[in-house]
Amino acid sequence: MFNLQKLFKRNRFGKYTQSERAAIYERIAAQHFTTPQDVYELAHGRRPNSLDDTRVLEALKNEGIIHRTRF
């Protein structure tokens with residue numbers, strides 16, 4: 001079956017594998033039971049949707065990847 005939603009979905013963030021920090025995103029994802037792509041998107045501006053996302057943002061901050069104080 002053809003998925004129209006995928007056809008019109010905007011790929012705003014790109015792929016995490018293109019980043020020089022891909023290994024860091026993979027490590028954080030493994031620690032927080034999520035995907036590296038989700039970690040990458042959070043690092044690049046996606047708003048957190050859950051407490052788990054907020055914890056991932058905190059890990060990104062601890063790694064020095066982001067410097068936000070408020071999520």
Side-chain angles (χ1 to χ4, degrees):
M1 176 148 198
F2 186 69
N3 190 344
L4 284 175
Q5 188 175 17
K6 279 188 175 182
L7 179 65
F8 293 108
K9 185 177 179 183
R10 191 171 117 196
N11 190 358
R12 178 176 161 192
F13 297 103
K15 297 198 182 267
Y16 87 94
T17 55
Q18 303 289 321
S19 174
E20 60 187 32
R21 297 178 175 153
I24 296 171
Y25 298 140
E26 289 170 353
R27 187 178 71 240
I28 291 172
Q31 291 170 350
H32 294 278
F33 306 103
T34 188
T35 65
Q37 185 66 35
D38 285 339
V39 174
Y40 176 81
E41 290 178 8
L42 286 165
H44 287 86
R46 191 185 88 205
R47 292 186 176 179
N49 295 327
S50 66
L51 183 59
D52 291 334
D53 286 351
T54 304
R55 290 181 181 140
V56 168
L57 285 171
E58 193 64 38
L60 289 165
K61 183 179 173 188
N62 291 339
E63 288 284 336
I65 294 175
I66 61 173
H67 303 286
R68 300 182 204 157
T69 55
R70 292 182 74 189
F71 305 120

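The shown structure was predicted, so the numbers you read here are calculated from the model rather than taken from an experiment.
Scored by the side chain to side chain contact (heavy atoms under 4.5 Å, CB included) test, R46 finds F13, D38, E41, L42, N49, D53 as partners (sequence neighbours excluded). In this structure, the side chain to side chain donor-acceptor pair (under 3.5 Å) partners of E26, at least two apart in sequence or on a different chain, are Y16. Checked against side chain to side chain contact (heavy atoms under 4.5 Å, CB included), S19 has the following partners two or more places apart in sequence or in another chain: R21, Y25, Y40.
Looking at every heavy atom in both residues, A59 comes nearest to H32 through CB-NE2, 3.6 Å. For the pair A29 and P36, the tightest heavy-atom approach, listed with the atom from each and the gap, is CB-N, 3.5 Å.
The structure places CD1 of I65 at 4.5 Å from CD1 of I24, a figure rounded to the nearest 0.5 Å. Atom-to-atom distance recorded for L57:CG and N62:CG is 11.0 Å, nearest 0.5 angstrom. Interatomic distance, CD of Q31 versus CZ of R55, reported as 13.5 Å (0.5 Å rounding).
Looking only at distances, a side-chain donor or acceptor of T54 sits under 3.5 Å from a matching main-chain atom of S50.
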